[in-house]
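Inspection log for the structure reproduced underneath, given as structure tokens.
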Amino acid sequence: MTPVSFTPDILVIGGAHIDRIARSTARLEPEQSNPGTLTRNVGGVAGNIARCLAKLSWNVALSTISGQDDDAELLKQQLLAANIDISLILTSVKQRSATYTAIEDSNGALVAAIADMGIYDTYPVEEVIGCLNIFPTPSKIVADTNLSPSVLQALAENKGSHKLAVSAVSGPKANRAKDILPDIDLLFCNEAEAAILADEFAELDALPEILSEAGVKSGIITKGNSGLSAWRGDESWTLPAPPVKIKSSNGAGDTLTACVLHALLLKVPFEKALTYGMAGASLSLMSEQAVPDMLNRPVLDSCIADIPQS
């Protein structure tokens with residue numbers, strides 16, 4: 001394994017690939033050829049989180065797996081330009097790089113998307129153990145559920161004194177983290193993913209308590225326009241969402257995750273870290289980019305004052 005080029009503040013492991021976002025310039029008409037624009041940028045939950053953290057001036061190491069193709073080269077170019085350490089990225093000679101292709105209406109609403117992510121199931125268990133071994137002191141590790149259950153299990157079993165945050169990427173993939181719930185120090189998910197992990201028909205308001213009883217030490221459940229619910233140990237909070245003019249919802253949850261982690265790296269109390277996350281999500285929603293160009297520490301700090309308190 002190639003050593004990282006600097007001492008990272010945080011290690012991000014999971015899905016990082018090229019997103020292709022096609023947006024109609026007018027109201028999208030089904031079954032018609034619609035004029036619009038196509039962009040290609042780094043995406044994936046891990047990719048977005050890593051880029052956000054780098055914008056917030058943290059040293060970030062990213063581990064993922066990609067193929068030997070043009071998308072892999074573009075991915076690495078953009079990550080390097082974002083000052084992210086890519087020395088832990090693996091290359092598969094058999095699989096093509098993962099891709100996410102989305103069609104959005106002119107208002108940024110998702111119409112349809114195709115996620116070709118099969119390569120992530122080939123990320124080797126021994127690699128994640130190697131990644132953990134290069135961090136000799138307690139570090140923050142964040143993984144997404146693009147990783148296979150066996151890789152997530154290896155993370156849980158070998159994390160030692162590292163703090164493990166897990167971000168669920170979708171309903172179908174949320175269950176990949178079900179067997180490691182007691183080993184998760186901080187869980188990020190939406191209500192649908194939380195309900196799957198809770199594995200029972202329950203009132204949505206009861207999900208934090210159910211997941212806490214399942215062993216998750218702390219967690220944040222995003223609820224769209226209704227804000228978020230969170231818990232740490234026996235304490236719980238709710239935070240309403242501020243009113244924003246939405247340009248695109250792509251990446252808002254990932255930005256929230258990164259901004260909460262940013263606050264925790266600053267040793268901000270958990271309850272206050274929630275406002276950092278909501279401020280970051282608001283910036284993302286007001287931007288056409290999954291990772292908003294305007295994101296940095298001063299801008300994030302200025303937005304926190306506008307976040308409603310619980």
Side-chain angles (χ1 to χ4, degrees), residues 6-12 41-43 45-62 78-79 81-85 108 139-142 163 165 167 185-190 218-232 235-310:
F6 49 66
T7 301
D9 299 302
I10 190 165
L11 170 64
V12 186
N41 288 300
V42 174
V45 170
N48 288 339
I49 292 171
R51 288 194 296 148
C52 285
L53 287 166
K55 278 183 167 290
L56 293 167
S57 301
W58 296 104
N59 290 329
V60 184
L62 172 68
Q78 292 195 5
L79 291 173
N83 199 33
I84 293 169
D85 190 297
S139 304
K140 290 193 181 298
I141 313 293
V142 55
K163 296 297 184 182
S167 178
D185 296 291
L186 177 55
L187 174 67
F188 295 92
C189 58
N190 61 30
S218 60
I220 297 172
I221 301 174
T222 56
K223 303 187 291 185
N225 293 334
S226 297
L228 61 79
S229 296
W231 74 95
R232 168 165 281 189
E235 294 185 277
S236 62
W237 302 269
T238 60
L239 198 65
V244 297
K245 185 176 181 180
I246 298 176
K247 289 188 177 180
S248 174
S249 59
N250 183 33
D254 303 333
T255 307
L256 180 147
T257 297
C259 291
V260 169
L261 293 169
H262 160 68
L264 296 177
L265 284 165
L266 291 173
K267 301 191 183 305
V268 170
F270 187 73
E271 182 178 4
K272 182 66 174 178
L274 302 177
T275 64
Y276 279 74
M278 191 65 79
S282 298
L283 288 171
S284 181
L285 290 168
M286 292 185 290
S287 171
E288 293 184 352
Q289 293 86 32
V291 174
D293 288 339
M294 68 185 82
L295 181 64
N296 57 47
R297 291 194 183 193
V299 169
L300 182 64
D301 290 342
S302 69
C303 290
I304 291 171
D306 297 326
I307 300 302
Q309 301 301 302
S310 57

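Around NZ of K163, the count of heavy atoms belonging to other residues, nucleotides or ligands within 6.0 Å does not exceed 12.
Residues W237 and I220 form no side-chain contact, since every pair of their non-hydrogen atoms from C-beta on lies 4.5 Å or further apart. When side chains are defined from C-beta on, K272 counts as touching I304, because their heavy atoms get closer than 4.5 Å. Residues P8 and D85 fail the side-chain proximity criterion, which asks for heavy atoms closer than 4.5 Å. In this structure, the side chains of P292 and M286 stay at 4.5 Å or more apart for every pair of heavy atoms. The side-chain heavy atoms of L186 and L264, taken from C-beta on, include a pair separated by under 4.5 Å.
Looking at S287, its side chain never comes within 3.5 Å of a backbone N or O of L283 through a donor-acceptor pair. Without hydrogens or angle criteria, T255 side chain to A281 main chain gives no donor-acceptor distance under 3.5 Å. Checking side-chain atoms of D9 against main-chain N and O of N59 turns up a donor-acceptor pair under 3.5 Å.
Taken from CG in D301 to OH in Y276, the straight-line distance is 5.0 Å, to the nearest 0.5 Å. Here L228 contributes atom CG and T275 contributes atom OG1; the two are 10.0 Å apart, rounded to the nearest 0.5 Å. The distance from atom CG of L53 to atom CG of L295, rounded to the nearest 0.5 Å, is 9.0 Å. To the nearest 0.5 Å, atoms CG (L300) and SG (C52) are separated by 10.0 Å. With rounding to the nearest 0.5 angstrom, the SG atom of C259 is 11.0 Å from the CZ atom of R297. The distance from the NZ atom of K55 to the CD1 atom of I84 is 10.0 Å, given to the nearest 0.5 Å.
Among all heavy-atom pairs drawn from S229 and K223, the shortest one is OG-NZ, 2.9 Å. Here the closest heavy-atom approach between residue V45 and residue S167 is recorded as CG1-OG, 3.6 Å. A pairwise comparison of heavy atoms in V42 and N48 identifies O-OD1, 3.6 Å as the closest pair. Nearest heavy-atom pair, S284 versus G251, reported as atom, atom and distance to 0.1 Å: OG-C, 3.5 Å. The two residues L56 and N296 have their closest heavy-atom pair at CD2-C, 3.6 Å. Shown here for L261 and A165, the closest heavy-atom pair between the two residues is CD2-CB, 4.3 Å.
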| task | Begin from the C-alpha positions of T222 and F188 and carry the test side chain to side chain contact (heavy atoms under 4.5 Å, CB included) through to its verdict. | result | CA-CA 8 Å; T222 56; F188 295 92; over 6 Å; no
